[in-house]
Amino acid sequence: MRFWVIKSEPDVFSFADLQRVGREPWNGVRNYQARNFLRQMRVGDLCLFYHSNAKPPGLAGVARVCGEAVPDDLQFDEASAYFDPRSSRENSRWSMVFVEPLVAFPALVSLDTLRTLPEWAESPLTRKGTRLSVLPAEGQQFWEALDAAGLSLEDLNGLSA
DNA sequence: GCCAACGTTGGC
DNA sequence: GCCAACGTTGGC
């Protein structure tokens with residue numbers, strides 16, 4: 001199992017929104033490096049759900065990959081802001097995965113807090129200027145974030161698969 | 001293949 | 001709203 005960070009603007013789609021819908025296509029990613037990470041995701045991988053452009057920004061919960069990469073439907077939709085005229089059904093350029101909520105953090109683990117954590121201090125997420133919306137995380141980082149949220153492995157184990 | 005112009009991200 | 005960072009585009 002691998003760990004990831006996925007970013008979303010809560011005004012657009014928050015962790016609470018994910019809990020409400022239950023399962024969400026993670027589409028609209030239009031950066032090649034982020035797309036390549038999406039393609040590496042496997043069912044069961046755990047994603048820290050990061051609220052960007054928020055007050056304050058930070059980690060809001062844990063999501064789980066429940067569907068692996070398929071062509072992102074929005075790239076074919078002329079009405080979508082994510083439409084890509086260079087893409088075709090035969091030769092699709094962008095991918096999406098599916099995620100489901102696993103557990104909401106009792107309180108947001110803010111970016112300020114993350115910067116105080118040893119495992120996160122030097123990470124791309126906390127470094128200024130990193131704009132990747134999907135990035136890998138280390139296991140140590142994941143557990144440290146979970147701990148900072150006041151949760152433990154048992155809190156994850158207690159949840160249905 | 002270089003690189004300037006441009007657009008977007010996202011913290012502040 | 002500002003602007004630093006940085007990915008992308010397109011002329012050459």
Side-chain angles (χ1 to χ4, degrees), chain A residues 2-21 24-41 45-65 68-138 140-142 144-150:
Chain A
R2 296 184 64 180
F3 302 96
W4 308 92
V5 177
I6 57 177
K7 294 189 197 175
S8 184
E9 300 189 22
D11 289 348
V12 179
F13 190 83
S14 67
F15 191 80
D17 291 325
L18 181 62
Q19 290 182 297
R20 182 171 45 77
V21 300
E24 179 74 3
W26 209 252
N27 52 22
V29 172
R30 293 294 178 272
N31 169 286
Y32 286 107
Q33 199 178 348
R35 179 205 67 181
N36 292 340
F37 287 140
L38 288 179
R39 290 179 176 177
Q40 292 173 30
M41 287 185 179
D45 283 0
L46 299 183
C47 304
L48 293 164
F49 196 107
Y50 181 83
H51 281 174
S52 62
N53 253 326
K55 297 177 184 175
L59 299 173
V62 180
R64 181 162 46 192
V65 176
E68 296 178 9
V70 293
D72 179 340
D73 48 2
L74 296 182
Q75 70 193 305
F76 309 122
D77 178 1
E78 287 190 48
S80 169
Y82 297 108
F83 175 67
D84 188 339
R86 301 163 300 182
S87 221
S88 66
R89 296 273 177 191
E90 298 72 29
N91 194 2
S92 98
R93 184 173 299 232
W94 305 110
S95 300
M96 63 178 180
V97 299
F98 293 85
V99 296
E100 61 188 3
L102 191 62
V103 60
F105 286 168
L108 189 87
V109 177
S110 70
L111 180 58
D112 283 346
T113 298
L114 280 175
R115 290 194 166 121
T116 69
L117 302 179
E119 298 290 340
W120 287 97
E122 305 297 325
S123 80
L125 184 66
T126 55
R127 196 180 311 137
K128 184 180 181 181
T130 301
R131 302 177 306 168
L132 265 188
S133 61
V134 179
L135 53 162
E138 300 298 325
Q140 297 275 31
Q141 292 179 317
F142 181 85
E144 192 179 55
L146 201 68
D147 184 61

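Every chain is numbered from 1, with letters handed out A, B, ... down the list of sequences. These figures come from a predicted structure and were not determined experimentally.
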May I ask you to say what R30(A) touches in the nucleic acid, namely base, sugar-phosphate or nothing, with a heavy-atom cut-off under 4.0 Å? nothing
At a heavy-atom distance below 4.0 Å, which nucleotide of DNA chain C is the first touched by chain A, and which is the last? dA4(C) to dT9(C)
Partner set under ring pair (Phe, Tyr, Trp, His ring centres under 6.0 Å) for F49(A), not counting sequence neighbours: F15(A), W26(A), H51(A)
Sort out for me which residue in D72(A), D84(A), N27(A) forms a side-chain hydrogen bond (donor to acceptor under 3.5 Å, both in side chains) with W94(A). D84(A)
List the steps and the verdict of side-chain contact (heavy atoms from CB on, under 4.5 Å) for D45(A) and Q40(A). CA-CA 10 Å; D45(A) 283 0; Q40(A) 292 173 30; over 6 Å; no
If you assign each of N53(A) and R93(A) to its closest nucleotide in DNA chain C, which residue comes earlier from the 5' end? N53(A)
Heavy-atom distance under 4.5 Å between the side chains of P56(A) and L108(A), does that happen here? yes
Rounded to the nearest 0.5 angstrom, the CZ-SG distance for R2(A) and C47(A) is 11.0 Å
Considering heavy-atom distances to DNA chain C, does K128(A) or Y32(A) have its closest nucleotide positioned more toward the 5' end? K128(A)
Any donor-acceptor N/O pair, D147(A) side chain to E144(A) backbone, under 3.5 Å: no
Considering every strand and a 4.0 Å limit on heavy-atom distances, what is the contact class for R86(A): base, sugar-phosphate, or nothing? sugar-phosphate
